[in-house]
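This report concerns only the one structure given below.
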Amino acid sequence: MASLSQRAMSGAAPKEHRIDVSEESYLEGLNEAQREAVLTTEGPVLMLAGAGTGKTKALTTRIAHILASQRAKPWEILAVTFTNKAAREMKERIGKLVGGELEGLRWTGTFHSVAANILRRHAEIVGLKPSFTIIDTDDQIRLCKQVIEAAGLDEKRWTGRGLAAVIDGWKNKGQTPSDLPPHEADLFADGKGIALYREYQERLMTLNAADFGDLLVHNISIFRREPEVQAEYHRRFRYMLVDEYQDTNVAQYLWLRLLAKGGDGEVPNLCVVGDDDQSIYGWRGAEVENILRFEKDFPGAKVIRLEQNYRSTAPILAAASAVIDNNQGRLGKTLFTDQDGGELIKLRGVWDGEEEARTIAEDIEAEQMKGRSLSHMAILVRASFQMRAFEERFNTNGIPYQVVGGPRFYEREETRDALAYLRLVRNVADDLSFSRIINKPRRGFGDKTLTQLSVIARQNGMSLAAAGQLMLETNELKGKAKTAMMAFLASLERWREEAEKTAPAPLAEMVLEESGYTDYWKNSKNVSAPSKLENLKELVNAASEFETLEGYLDHVSLVAERTSDSEDGQVWLMTLHAAKGLEFPVVFLPGWEEEIFPSKRSLDESGNAGLEEERRLAYVGITRARESCRISFAANRQVYGRWQNALPSRFVDELPEDQVDVLSEPGLYGVSAKEMPAQSRFADLVLEETSSRYETPGWKRARQHGRKRNADPSIEGTARLVASSAPGDETFCKGERVSHKKFGLGTVMRSEGNKLEVEFDEVGNKKVIASFLSAA
DNA sequence: CATACCAAGGTTTTT
DNA sequence: CCTTGGTATG
């Protein structure tokens, strides 16, 4: 280790020498399997790396080893990941291993960025200019909408979003319009799908643009059409590494194959790393089969299993293994750990989502009292709507939290508008950008004029901006539209001149100011206008890191990530998908109920395959925990404002009994008092009378479906205080909230001695008022 | 062109 | 329940 840091400090050494690190120094601290994964450099390798087994360490050390042993130069290594974050981390860690800044890893990046680089060099082969723009999902949908409109289809029945999804599906499979078998057209608009796809591709060509899927599909076309080009890259990439191989789609698989397999039949030095148990992106085209099939695809492949887990305690691993064991067709791995003991999985059944949020908040506060940092705890939900309950609870309790995910910076309306202005400055022919901002702010240039404009553009085969110029010359525009167009085109021209001598940041500021876009938001009554103005400032800020407008625009197309200001002392709140690759000492997994998790839609759409993917998600969730994993489920859940009855998830049943500590277990309709933990500060109430007989929606549903039920709505039950104005105080005061297993939530209206009157929230259009006697 | 009203639909997410 | 996108209306 000492030699490493010394080396890092001796900045004067030439680069070649810097990567001359001795084997011992980087193999230090690796276990046997990891060493094998590092040292087996030749031939195909499948590194099966379970959760928390030091995958990134093995992967980065492998690259460091290839470099240090002079097997290849940095630019002869292709290393692809899915996210920019993963790529950045990989580069950083290799840099640390070989000492100092590492230059020349030109082909280390995301699938899309590497493919974009290749495409820029050979764009002409597929009919693009090297300066092509990369359009994002939003533009893609708008373009699809235009295609549907032009085809004269019913726009309500066939949406742009729908077409974009179908096209994406085809591109994920690496299929161009001519690759598709005719019956595939049935997927959209009664057999017109393929024609629409073709039309969409033609429009992209006219715009000199490519969408994300195109980056790979065009690469594949290039390699297939020009064997010399393929051979060139095949020779160049002497070592290839792929991270998260279980998440690759067909297009990515084909792309890799073309790069890995030359015509010579020799064995490629391709190392793929992944975990079939963590494949959770099937819904966006990932194929677990790619990893399951690897040994057949690349004969002679060496399979190396990383199974020693350095992250979690034995009970956590046992629980995760027991759950994932219910899946069929796994490659099979058994995680093990050196450590003994550890806290059992905590399982808690609660009355409803609010109680769940409350108990988790209490748990968090208790952990905090024990000295645990808030940022060491995370709540991982299945779907984002589940976050609301936690956010509300954390706000009332004053627990700071940070949400991971959500709309990203470069996808926000104002950012996209601003970028459209800049794109238009760079390229007046960018019609998508033109139509986006021509009337934003309002210039009296409405839909009608825009349609007129696009007709003329279409007829003359010119851009919208050129058509505008033409209409001015032929005097076809009148009044407001004329002045507006004239002023707009003049500004555009001026900005373009300015762009040549001005840096991106001041240019952006100038364009936004002079176009009136900033004022547009300043004068807006929109509640989010202030934050939008903030974002515009941030955008200008971000631009200041770039020297050219081109560089900046390229960056934003491929790196759409949020500025993640991870703060210490904040609880993490995110979806299970967002949690992949992360770990926390304490993990809360709420909402383990049938129809929520596993998600009903997933099961409806993909049947058993969907269920298995949901189960992998459960596996990912559990294995995020280092020390403590707390799973909970509710008997009633509010989904989009509707109350529904819930059953514990089947995954709860799959947990091994001997590894689980059951804190409370509600029946179908409520939490039974005797199963409540003794330290509960919430008193039980006995129902005395109600103003009317009442049937909850959940009970009604159960009756209609003939499901087993363990409570009768006409029989008295118990209620508990769920939100107290003075925690610890067991008396019930006016305004406090009460939960009852039949009537749901209510508010205390009157309280006299141990008798109180509760008004329940309106459910099913009936207001229920009930009186209670305190049991205590 | 701004506002009003209605119907639909509301997992997961990267590039 | 609440947001969104579309159409209808002044």
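Just so it is clear, the structure is predicted and the values come from calculations on it, not from any experiment. Each chain gets a letter, A, B and so on, in the order its sequence line appears, and its residues count up from 1.
- The side chain of A/Thr575 lies closest to B/dT13, out of B/dT11, B/dT15, B/dT13.
- Rounded to a whole Å, the CG atom of A/Asp604 is 12 Å from the P atom of B/dT11.
- Counting to the nearest Å, the P atom of B/dT11 and the CG atom of A/Leu603 are 15 Å from each other.
- Here the P atom of nucleotide C/dT4 and the CZ atom of A/Arg161 are 11 Å apart, to the nearest Å.
- Between A/Glu614 and A/Arg382 a salt bridge is recorded (basic side-chain N to carboxylate O distance below 4.0 Å).
- At a threshold of 4.0 angstrom between heavy atoms, the contacts of A/Thr83 are confined to the sugar-phosphate backbone, with no base atom among them.
- For A/Ser384, the listed nucleotide lying nearest its side chain is B/dT12; candidates were B/dT11, B/dT12, B/dT15.
- Of the side-chain N and O atoms in A/Arg284, none sit less than 4.0 angstrom from OP1 or OP2 of B/dT13.
- Shortest non-hydrogen contact noted between A/Arg616 and A/Asp276 is CD-O, 3.2 Å.
- The interatomic distance linking A/Asp138 (CG) with B/dT13 (C1') rounds to 15 Å, in whole Å.
- In the interface, the side chain of A/Thr137 is paired with the base of B/dT15 through a donor and an acceptor atom under 3.5 Å apart.
- A straight line from CD of A/Gln278 to C1' of B/dT12 spans 16 Å, rounded to a whole angstrom.
- Phosphate proximity of B/dT14 to A/Asn84: absent, as no side-chain N or O sits under 4.0 Å from OP1 or OP2.
- Comparing the P positions of C/dT4 and B/dT11 gives a spacing of 14 Å, expressed to the nearest Å.
- Distances shown here put every side-chain N or O of A/Lys145 at or beyond 4.0 Å from the OP1 or OP2 atom of C/dG5.
- Taking only distance into account, the side chain of A/Arg382 meets the base of B/dT12 through a donor-acceptor pair shorter than 3.5 Å.
- One can place CZ of A/Arg88 at 13 Å from P of B/dT14, the figure rounded to the nearest angstrom.
- Taking only side-chain atoms of A/Glu614, from C-beta outward, the nucleotide of B/dT11, B/dT12, B/dT14 with the closest atom is B/dT11.
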Please step through side-chain hydrogen bond (donor to acceptor under 3.5 Å, both in side chains) for the pair A/Gln201 and A/Lys171, ending with a clear verdict. CA-CA 11 Å; A/Gln201 288 307 111; A/Lys171 288 186 176 176; 2.7 Å; yes
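- Looking at every heavy atom in both residues, A/Ala210 comes nearest to A/His218 through CB-CD2, 4.4 Å.
- If you measure from atom CG of A/Asn172 to atom C1' of B/dT14, you get 11 Å, rounded to the nearest angstrom.
- A distance of 6.0 Å or more separates the ring centres of A/Tyr401 and A/Phe390.
- At whole-Å resolution of the value, CD1 in A/Ile141 and C1' in C/dT4 are 13 Å apart.
- Looking at heavy-atom distances under 4.0 Å, A/Glu605 makes contact with a base.
- Side-chain proximity of A/Tyr281 to the nucleotides B/dT11, B/dT13, B/dT15 is greatest for B/dT13.
- When the side-chain nitrogen and oxygen atoms of A/Thr110 are compared with OP1 and OP2 of B/dT14, none of them lie within a distance under 4.0 Å.
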Given the rule in the salt bridge (Lys or Arg N to Asp or Glu O under 4.0 Å) test, do A/Arg615 and A/Glu654 qualify, once you have shown the distances and angles that lead to the verdict? CA-CA 10 Å; A/Arg615 194 175 276 121; A/Glu654 291 168 6; 2.8 Å; yes
